[in-house]
Amino acid sequence: MHQLAAGLRLPVNALDYTILILYFVVVLGIGFAVRRSVRTSLDFFLSGRSLPAWVTGLAFVAANLGATEILGMAANGAQYGVYTVHWYWIGAIPAMVFLGLVMMPFYYGSKVRSVPEFLLHRFGPASHLLSSVIFAVASVLIAGVNLYAMAIVLQALLGWPQWVAILVSGFFVLAYITLGGLSSAIYNEVLQFFVILAALIPMTIIGLKRVGGWGGLRHSLSHRHGDNFLSTWGGTGIGHPNSLGANWLTIVLGLGFVLSFGYWTTNFAEVQRALSARNLSAARRTPLIAAFPKLLIPLVVVLPGLIALVMEPALGQEGSGLSYNDAIPVLMRDLLPNGVLGLAVTGLLAAFMAGMAANVSSFNTVFTNDIWAAYVRRGRPDAYYLTTGRWVTAAGVLAGMGTAFIASSFSNIMNYLQTLFSFFNVPLFCVFIIGMFWSRASAAAGFWGLLSGTVAAMVNYFGLYRQGVLDIPSDQGANFVSAIVAFVVGGLVMVTVSLFTRPKPAGSLVGLVYGTSSPGAQAPPDTGDDAWYRRPALLGWGAVLLAALCYVPFSL
């Protein structure tokens with residue numbers, strides 16, 4: 001992400017700094033308060049599996065509401081227009097519903113502590129270790145994105161040096177996760193969710209009023225960028241050029257299927273929130289509850305990007321000094337008075353900390369349980385792994401500080417993140433989905449499918465797209481293609497290897513392959529009435545229906 005323009009320095013005063021300081025005090029206070037309840041490694045890594053569905057549901061959506069969502073999606077809105085809503089209504093909701101209705105019974109019912117641990121039961125140690133290493137590396141890289149974005153914002157908006165911003169923000173994330181483990185991260189994410197909305201909603205309303213409402217916004221952008229800029233599907237026919245550089249087929253298959261399902265169903269930073277729920281019913285409802293606020297997030301993230309483009313026509317233009325990543329800071333500078341400005345800066349920092357905390361807390365769980373305890377130091381007392389988890393948290397934050405500078409080599413943080421997802425999440429989803437629905441898939445197939453899918457995505461991106469062998473109009477389009485390639489290659493390798501190797505005995509697949517049992521039968525049943533909000537199927541299909549209806553006004 002390019003450094004934010006010097007002209008975006010905000011006129012913050014003592015009131016704004018007071019709001020910021022109070023927020024940091026509350027964050028640390030939550031960490032100290034939750035610390036009393038952390039007595040075992042299960043408490044530290046999965047909150048003792050004791051949290052209600054509404055808490056885990058809000059944390060689920062807040063964990064994703066980080067740097068990518070706020071700056072990245074607003075930048076995409078300004079650059080690509082309404083096409084950006086595909087990341088929500090096609091690229092999130094269906095996969096979240098699938099996770100809740102189909103995959104959570106396998107995750108929660110098997111009592112695993114992480115996504116890689118599920119692969120240990122299904123495919124064996126080789127796939128488990130490979131997936132653990134891949135996920136640990138990906139978590140640190142993604143945590144670095146949030147730290148880098150936060151440092152750039154603090155440097156440009158508040159005048160802090162970049163290294164100071166990285167150290168300060170990293171310290172606060174380290175402090176409250178080390179103190180209270182996942183519970184501290186989750187309760188802070190619930191708080192951060194409301195702080196973020198309190199910052200973004202006023203800015204969106206004021207900005208929309210400034211540009212003449214939706215009619216004024218539509219007239220201005222249609223005149224300058226054409227009608228397709230404000231349409232979800234206009235101009236996405238195969239062979240038709242558009243700002244996104246993708247057609248309907250790559251959007252549906254690349255984003256809507258492999259990238260989306262790969263991220264939401266196997267990314268442990270999200271799944272970990274559901275695994276901390278008090279029972280199977282609450283775990284299934286976690287992503288479904290999160291799907292409803294996720295439907296509305298484009299109104300306060302993508303829409304501000306469009307508003308910024310009207311208010312600052314030079315946004316993203318060569319020689320203007322303003323990149324698309326400056327969309328949110330432009331609105332903060334031009335629209336918000338002191339006090340509200342402090343709340344907006346606080347909300348922005350809350351978003352970055354939520355994203356980083358989600359990845360650091362998932363990193364410490366996977367590294368401690370799936371690498372250290374499984375292959376390096378086995379059979380130690382529980383207190384040893386609790387202490388190890390705290391030390392690993394510190395190491396993860398420090399590593400994130402280092403990888404923050406890798407993100408600086410990419411001109412758009414969303415492009416960077418989607419590249420990582422195509423490399424790491426999509427091959428993992430391929431192995432999961434085939435292993436979950438095909439009992440013939442062997443242990444060797446899981447390992448080679450995961451490895452080949454990851455390598456294929458990297459070869460496609462670095463060897464074909466970056467070298468000009470494939471003519472793809474944009475980085476996002478290339479990521480969609482890489483995701484499809486990773487899934488197809490991984491799937492073909494899995495099927496081929498399975499046909500030439502021996503499958504696992506049928507008795508060892510009970511509860512791990514769809515249809516072999518009711519995998520969550522041992523989970524305690526939910527208590528209470530049979531209200532609609534306790535029915536996962538009704539919640540899930542309701543979210544899908546609302547997502548489909550959301551497309552209507554932007555497709556006409």
Side-chain angles (χ1 to χ4, degrees), residues 53 56-57 59-61 63-64 85-110 112 114-115 118-119 122 131 251-275 277 280-295 297 421-422 424-438 441 453 480 483-484 486-488 490-491 511-516 518-520 523 533-551:
T56 55
F60 189 97
V61 70
N64 184 249
V85 301
H86 289 309
W87 268 270
Y88 296 86
W89 299 333
I90 278 187
I93 303 302
M96 293 166 74
V97 171
F98 184 82
L99 171 64
L101 297 184
V102 177
M103 296 189 71
M104 278 315 303
F106 289 89
Y107 283 142
Y108 198 94
S110 59
V112 297
S114 68
V115 170
F118 184 86
L119 287 185
R122 177 61 182 88
S131 64
I251 291 173
V252 172
L253 293 182
L255 174 62
F257 179 54
V258 289
L259 268 175
S260 169
F261 280 68
Y263 176 80
W264 290 103
T265 66
T266 64
N267 184 14
F268 188 50
E270 303 293 337
V271 175
Q272 187 180 28
R273 273 75 193 142
L275 288 179
L280 175 58
S281 177
R284 295 184 72 190
R285 283 182 281 130
T286 293
L288 305 179
I289 290 172
F292 288 93
K294 188 71 175 177
L295 285 166
I297 294 299
F421 295 154
S422 68
F424 302 129
N425 291 91
V426 172
L428 189 58
F429 171 66
C430 174
V431 172
F432 258 82
I433 205 69
I434 293 178
M436 187 175 290
F437 287 95
W438 190 37
F480 296 166
I484 295 172
F487 188 85
V488 171
L512 300 174
V513 176
Y514 198 80
T516 55
S518 178
Y533 54 83
R534 294 186 184 277
R535 303 177 189 175
L538 187 58
L539 281 173
W541 288 114
V544 171
L545 178 60
L546 288 177
L549 291 175
C550 285
Y551 271 112

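We're numbering straight along the sequence, starting at 1. Only this structure's heavy atoms are used, side chains among them; waters, hydrogens and symmetry mates stay out. Please read these numbers as outputs of a predicted model, since none were measured by experiment.
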S.K.: On a heavy-atom basis, which atom in Leu280 and which in Pro105 lie closest, and how many Å separate them?
M.R.: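 For Leu280 versus Pro105, the nearest heavy atoms are CD1-CA, 3.8 Å.
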S.K.: Could you walk me through whether Tyr107 and Leu99 pass the side chain to side chain contact (heavy atoms under 4.5 Å, CB included) check?
M.R.: CA-CA 10 Å; Tyr107 283 142; Leu99 171 64; 3.9 Å; yes
S.K.: Taking side chain to side chain contact (heavy atoms under 4.5 Å, CB included) as the test, write out the residues that go with Ile434, two or more places apart.
M.R.: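 Expected list: Cys430, Trp438, Ala441, Met494.
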S.K.: Going by heavy atoms in the side chains, are Leu119 and Leu428 under 4.5 Å from each other?
M.R.: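 The answer is yes; the side chains approach within 4.5 Å.
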S.K.: Specify the closest pair of heavy atoms between Pro536 and Arg285, including all atoms of both residues, with the distance to one decimal.
M.R.: CG-CG, 4.1 Å
S.K.: Begin from the C-alpha positions of Trp89 and Leu546 and carry the test side chain to side chain contact (heavy atoms under 4.5 Å, CB included) through to its verdict.
M.R.: CA-CA 9 Å; Trp89 299 333; Leu546 288 177; over 6 Å; no
S.K.: Determine, using ring centers only, whether Phe429 and Phe421 are less than 6.0 Å apart.
M.R.: no
S.K.: Name all residues meeting the side chain to side chain donor-acceptor pair (under 3.5 Å) criterion together with Ser260; count only those two or more places apart in sequence or in a different chain, and write none if there are none.
M.R.: none
S.K.: Output, in order, the C-alpha distance, side-chain angles, deciding distance and verdict of side chain to side chain contact (heavy atoms under 4.5 Å, CB included) for Leu101 and Leu288.
M.R.: CA-CA 9 Å; Leu101 297 184; Leu288 305 179; 4.0 Å; yes
S.K.: Of the non-hydrogen atoms in Leu539 and Phe292, which two are nearest, and what is the gap between them?
M.R.: O-CZ, 3.5 Å
S.K.: How close do Leu259 and Ala483 get, heavy atom to heavy atom, and via which atoms?
M.R.: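 Here Leu259 and Ala483 meet closest at CG-CB, 3.5 Å.
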S.K.: Do you know which two heavy atoms are closest between Asn425 and Thr266, and how far apart they sit?
M.R.: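 For Asn425 and Thr266, the tightest heavy-atom pair comes out as O-OG1, 3.7 Å.
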S.K.: Mind checking what makes side chain to side chain contact (heavy atoms under 4.5 Å, CB included) contact with Phe98, not counting sequence neighbours?
M.R.: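 Testing Phe98 for side chain to side chain contact (heavy atoms under 4.5 Å, CB included), a comparison that skips the adjacent residues, returns Val102, Met103, Phe261, Thr265, Ile433, Phe437.
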S.K.: Taking only residues two or more places apart in sequence, or in another chain, which ones meet Ala283 in a side chain to side chain contact (heavy atoms under 4.5 Å, CB included)?
M.R.: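 So Ala283 forms a side chain to side chain contact (heavy atoms under 4.5 Å, CB included) with Met104, Tyr108, Ala277.
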S.K.: Hey, what do you get for OG1 (Thr56) to CD1 (Ile289), rounding to the nearest 0.5 Å?
M.R.: 6.5 Å
S.K.: Grab the two heavy atoms, one from Pro427 and one from Ser422, that are nearest each other, plus how far apart they are.
M.R.: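 Shortest heavy-atom separation between Pro427 and Ser422 comes out as CD-O, 3.6 Å.
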S.K.: Once you round to the nearest 0.5 Å, how far does OH of Tyr88 lie from CD1 of Ile93?
M.R.: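 If we round to the nearest 0.5 Å, Tyr88:OH and Ile93:CD1 are 10.5 Å apart.
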S.K.: Ala92: what forms a side chain to side chain contact (heavy atoms under 4.5 Å, CB included) with it, not counting sequence neighbours?
M.R.: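 Applying side chain to side chain contact (heavy atoms under 4.5 Å, CB included) to Ala92 gives Met96, Trp264, Lys294.
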S.K.: Suppose we screen for side chain to side chain donor-acceptor pair (under 3.5 Å). Which residues come up paired with Ser131, at least two apart in sequence or across chains?
M.R.: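 Side chain to side chain donor-acceptor pair (under 3.5 Å) list for Ser131, sorted by chain: empty.
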